[in-house]
Amino acid sequence: MALTLYNTLTRTREAFEPRDPERVTMYVCGPTVYNLIHIGNARPIVVFDVLYRLLREAWPQVVYARNITDVDDKINAAAQANGESIGALTARFTEAFHTDLAALNTLPPDVEPRATDHIEGMIRMIRTLIDSGHAYEADGHVLFDVNSMEGYGRLSGRQLEDLLAGARVEVEAYKKDAADFVLWKPSTDELPGWDSPWGRGRPGWHLECSVMAETHLGETIDIHGGGQDLIFPHHENEIAQSTCAHHGAEFARYWLHNGYITVDGEKMSKSEGNFFTLRDLLQQYHGEVIRLALLCGHYRQPLDWSPATVEQARSALDRFYQSLRNATDTRVADSEQSIPDDVREALEDDLNTPLALRHLHATATALNKATDPAERHRLKAELLGGAGLLGLLATPVEEWFRGAGDSDGPSAEEIDALIAERREARGRRDFARADAIRDDLAARGITLEDGPGGTTWRRSARAEVTGQQA
RNA sequence: GGCCAGGUGGCAGAGUGGUUAUGCGACGGCCUGCAAAGCCGUUCUACGUCGGUUCGAUUCCGGCCCUGGCCUCCA
């Protein structure tokens, strides 16, 4: 497989070659579980899910780790604000995270380590860093000494002097250098804490990822992914910790970062408040619609989120599903699905999902046109296989059309009865009655389609219903 | 101030040194009792701006303008 990936570390596209072809490793930064994730948080999950699927096509074993951060000051604050225990809060939002992601048809990672299960490893790594002169204890804290490391700042492309010049935060007096970051900090009795050689305390943010990657994937991992906003300081600091703790061994060979979701051109972020939670979006749209919306643009480009973005994704999916619905004459077993070369090649080219979708559209068009049974079978198998690599078209066709839109419309039983009545009316050539039934259903959000195999129906998209009423 | 992305047709969004992206939308036709879906065709002379290189640039180089981001928690 000729996979090319853009590596943030070198700022170039590179041919991907796993360190060990028998065991490809990928680590993606997961959520801090203190609230519901928003669509911006979902983007990397979906993007790297596609990469995971692609890698699994080419290599026998891919180990994908995605962490859960369940110790963090934001968690402490949220628990206190809710009057809820920290354990209950993190359990609740971990569960919510899993539920929301399942709706997006993402594969579970092979390992989902939790920070609180790795405290021992963190303490061990801190000790190694202190012993090797890369960390120091000061005022109850343990800090990483950025000046002890050659090449600090390489990933984010910045010099220590620049960091100082731009520092907007008051520098703690105990830091030797303003850029030094916390590995361990003291906890009060009320806060979560663990005993350590430096007293009862809790880990700094960046440390957990270094330790969990080491524990589950080894000292050197192939791919490390996350959103662009993690490049600095999070990933920069992970590199510092891991590289120094492993005596210079390379931490991650390919660094991948997805672009932001924006709203009206501005970055979506929790602190700005301009975000949509995935939970809310799932109330309005099928998970596949949201998934496709995320894949409509290249992963490294910003993606502006608006109702139009999602409606467009829905239209595209309707088209794909319609194509499948028009091809019920040929059955494709799961084992018969095949990935078209052009779709695979588009994804191998730094995950060019828009180009892959273009090929999928061409496949759908060809399927709509094809008359030869063998060709129809092949095209349907390719449409399903190609879409499957993107994690799409996973919903049974009838469920797609009948379950879409508002759920408070007429029931399937009522619709079927009306269709039967209408068929009878059409048989009598009583078109006035037949059309009345169809118009009545249309007004209630149901579209009828008379095909060679009889009449099928679909729930109209919400926007269409609104549009007709307006 | 330092650093980094990006500016493509009505919208979304790939890509390429010379030949159709694609989807959505709009318009016309075929099909249909009429529709819907599908198919065919058309539409918008698309590539921020000014120079340069070139036989030829949206595509390479440089200046400029604009937008967004990072330098602080953030996917």
Side-chain angles (χ1 to χ4, degrees), chain A residues 8 11 28-32 34 37-48 72-74 77 153 156-159 161-170 178-179 205 225-234 236 257-262 264-272 275 292-293 296-298 300-304 306 308-323 325-327 346 349 352-362 364-365 367-369 401 426 429-432 434-435 438-439 442 446-452 455-458 460:
Chain A
T8 307
R11 296 178 200 287
V28 174
C29 289
T32 301
Y34 70 104
I37 66 164
H38 61 63
I39 188 66
N41 304 116
R43 188 178 194 186
I45 310 281
V46 168
V47 164
F48 292 108
D72 183 275
D73 288 353
K74 289 192 293 290
S156 53
R158 56 195 82 203
Q159 311 290 320
E161 309 84 81
D162 300 336
L163 293 177
L164 277 174
R168 279 188 261 158
V169 186
E170 204 176 324
W205 174 36
Q228 278 175 356
D229 44 359
L230 294 181
I231 295 174
F232 188 90
H234 187 52
E236 195 70 73
H257 294 96
N258 61 275
Y260 299 118
I261 297 283
T262 58
D264 296 328
E266 308 264 305
K267 178 189 172 188
M268 178 184 290
S269 73
K270 287 182 179 172
S271 51
E272 292 297 318
F275 60 87
L292 179 58
C296 275
H298 185 87
R300 283 193 282 114
Q301 296 304 125
L303 178 70
D304 202 62
S306 71
T309 309
V310 203
E311 292 301 336
Q312 191 166 298
R314 191 223 301 276
S315 297
L317 273 174
D318 275 342
R319 179 175 139 81
F320 287 133
Y321 276 107
Q322 187 69 48
S323 187
R325 197 184 210 185
N326 292 343
D349 185 12
N352 193 336
T353 52
L355 188 58
L357 287 165
R358 175 211 126 117
H359 295 314
L360 235 40
H361 273 112
T365 301
L367 174 58
N368 288 338
K369 278 195 280 193
F401 287 111
R426 291 179 76 204
R429 300 193 65 77
D430 180 0
F431 295 121
D435 290 352
R438 187 172 62 197
D439 293 346
I446 304 298
T447 303
L448 297 189
E449 296 169 8
D450 298 327
T455 299
T456 55
W457 60 272
R458 64 204 285 180
S460 310

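Note on naming: letters A, B, ... go to the chains in the order of the sequence lines (proteins, then strands), and numbering restarts at 1 for each one.
With B:C34, B:A75, B:G13 as the candidates, the nucleotide lying closest to the side chain of A:Leu303 is B:G13. In this structure, of B:A35, B:A14, B:A75, it is B:A75 that holds the atom nearest to the side chain of A:Ile261. Closest to the A:Leu355 side chain, of the nucleotides B:A14, B:A75, B:G33, is B:A14. Proximity note for A:Phe232 (side chain, C-beta onward) versus B:A37, B:C71, B:C34: the nearest is B:C71.
Within the shown strands, B:C50 is the pairing partner of B:G62 under the Watson-Crick or G-U definition, both distances less than 3.5 Å. The partner of B:C27 is B:G41, judged by Watson-Crick or G-U wobble contacts that both fall below 3.5 Å. Within the shown strands, nothing qualifies as a pairing partner of B:U32 under the Watson-Crick or G-U definition with both distances less than 3.5 Å. Under the Watson-Crick or G-U wobble criterion, with both distances below 3.5 Å, B:A12 is paired with B:U22. Nucleotide B:G68 forms a Watson-Crick or G-U wobble pair with B:C4, both donor-acceptor distances falling under 3.5 Å.
A donor N or O paired with an acceptor N or O is not found under 3.5 Å between the base of B:C24 and the side-chain atoms of A:Arg319. Evaluation of atom-type donor-acceptor distances gives no pair under 3.5 Å for the side chain of A:Asp229 against the base of B:G69.
Residue contacts for A:Thr365: at a heavy-atom cut-off of 4.0 Å it reaches the sugar-phosphate backbone alone, with no base atom in range. Within the 4.0 angstrom heavy-atom criterion, only backbone atoms of the sugar-phosphate kind lie near A:Asn326; the bases stay farther away.
The nearest whole Å value for the distance from the NZ atom in A:Lys267 to the C1' atom in B:C70 is 8 Å.
Nucleotides B:G68 and B:G10 have their P atoms positioned 22 Å apart, rounded to a whole Å. Straight-line distance between the P atoms of B:U59 and B:U16: roughly 13 Å, to the nearest whole Å.
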Could you write out each protein N or O paired with an N or O of nucleotides 2-11 of chain B at a distance under 3.5 Å?
| unit_1 | atom_1 | unit_2 | atom_2 | d |
| --- | --- | --- | --- | --- |
| B:G2 | O2' | A:Asp162 | OD2 | 3.1 |

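Comparing A:Asn352 and A:His38 along RNA chain B, the residue whose closest nucleotide (by nearest heavy atom) sits nearer the 5' end is A:Asn352.
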